[in-house]
Structures are given as structure tokens and as C-alpha cells.
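Excluded from the calculations below are hydrogen atoms, water molecules and symmetry mates; all remaining heavy atoms, backbone and side chain alike, are included. Not measured: the values here are computed from a predicted model.
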Amino acid sequence: MPYGIDLIISNPYTNTISLFIVIVMVLVIFLQEKESKVNLLLLSKQQGRQITGISKMGALLIIICISNSILYGTNFFITNWIIGLGSFNRPIQTLTEFYRSPYNLNVGEYLIIFFIMRIVIDFSIGVVFSFISIFCRNRRLSVAVIGIF
């Protein structure tokens, strides 16, 4: 049934929870060192900023992959159990949102591309928020600036 796939890809609750997880993880990962003054020790080490920044971005990417797998996997299994998803080999044009799509994709390929793009989008949002939290002086200012976005 096409309604099940439409429900998976356009669930506002999952998107909101995913964005909330990204914001919280950015605040935890990037602001914890500032408050405990550990960043002064790391900055004195040669290549301290570079290694720390890469490891923090890697941790953020891993957390986003795990959280999106849990969120969208739960959506997938609950929707499949309650509504049913139908065959994944049918063309994407069978979905109501994509009936005029010029792409030669089936539903399974589209779901894989959707999940990968969702991770890329969440990671991009996390990178922007992490730069905001790095340039802000304290936690309250970074939360306020991120809250404006």
C-alpha cells in the first residue's frame, strides 16, 4: 500500500525528534569541554584542535547514524506491521507523492537514498550548529543562537 511509504518518509514527529537529538548532541559534545576548561589543555597540544575537532565530528556522525537507524527503523517496522508497505520492487511512481517522477527507481532504492540523505542533512545541520557553539562564548549564548534557527 503506498500510504505506508508516504507515512515513513513524511512523519513530522520523527523529523522533529531527529533534529532535537542533533541539537542536544552538539551541545553535549562541543560545549562540555568549554565548561570544564579541558579545551585549554587540548589547545596547548600540537594539533590539539584538529584531532579533537575530527573526533568530535566523527562522534556526531556515529550518533546521528545510530539515532536515525533507530528512529526510521522503528517507523519502518511499525508501519509495516500496522499498515503494510507492499512490494519494494514496484516503481516509485506508484507512490502518491512521486507519481510524476522521471527517475527510474523502485521503492526500495528510494528508501535507501532517503535514509542516506537524511543522515547527510542531519549531519550538515549538526556541523552548522557545532560551528555556532564553537564561536559562542558560553552555553546560554549558544543555546539562544541555535534556538533562533
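Met57 and Val127 get closest at one heavy-atom pair: SD-CG2, 3.9 Å. The two residues Phe115 and Ser69 make their nearest non-hydrogen contact at CZ-OG, 3.5 Å. In this structure, Val26 and Ser133 approach most closely via the heavy-atom pair CG1-OG, 3.9 Å. For the residue pair Leu60 and Met25, the shortest heavy atom distance occurs at CD1-CB, 4.1 Å. Nearest approach of Arg118 to Ser18, heavy atoms of both residues: NH2-OG, 4.3 Å.
Taking 4.5 Å as the limit, some side-chain heavy atom of Phe76 sits within range of a side-chain heavy atom of Leu85.
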**OP:** In sequence, state the C-alpha distance, the side-chain angles, and the governing distance for Asn11 and Asn15, and then conclude on side chain to side chain contact (heavy atoms under 4.5 Å, CB included).
**Re:** CA-CA 7 Å; Asn11 191 346; Asn15 297 336; 5.9 Å; no
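No option in Leu71, Asp122, Ile66, Ile64 other than Leu71 meets the side chain to side chain contact (heavy atoms under 4.5 Å, CB included) test with Ile21.
No path of Ile, Leu, Val, Met, Phe, Trp and Tyr side chains, each step under 4.5 Å between heavy atoms, connects Val107 with Tyr99, placing them in separate hydrophobic clusters. In the hydrophobic clustering of this structure, Phe20 groups with Phe123; members are Ile, Leu, Val, Met, Phe, Trp, Tyr whose side-chain heavy atoms approach within less than 4.5 Å, directly or through other members. Grouping the Ile, Leu, Val, Met, Phe, Trp and Tyr side chains by contacts below 4.5 angstrom, directly or via other members, places Ile54 apart from Leu61. With hydrophobic clusters built from ILVMFWY side chains whose heavy atoms lie under 4.5 angstrom apart, Leu111 shares a cluster with Phe77. Hydrophobic clustering (ILVMFWY, side-chain heavy atoms < 4.5 Å, transitive): Met117 and Tyr103 are in one cluster.
A perpendicular orientation is assigned to the rings of Tyr72 and Phe114, their planes being inclined by more than 60° (bins at 30° and 60°).
In this structure, Phe98 has its ring center under 6.0 Å from that of Tyr110.
Contacts of Thr79 classified as side-chain hydrogen bond (donor to acceptor under 3.5 Å, both in side chains), with partners at least two apart in sequence or in another chain: none.
Atom-to-atom distance recorded for Asn106:CG and Gln93:CD is 10.5 Å, nearest 0.5 angstrom.
In terms of modelled atom types and a separation under 3.5 Å, the side chain of Thr74 and the main chain of Ile70 share a donor-acceptor contact.
Phe88 CZ: more than 12 foreign heavy atoms inside a 6.0 Å radius.
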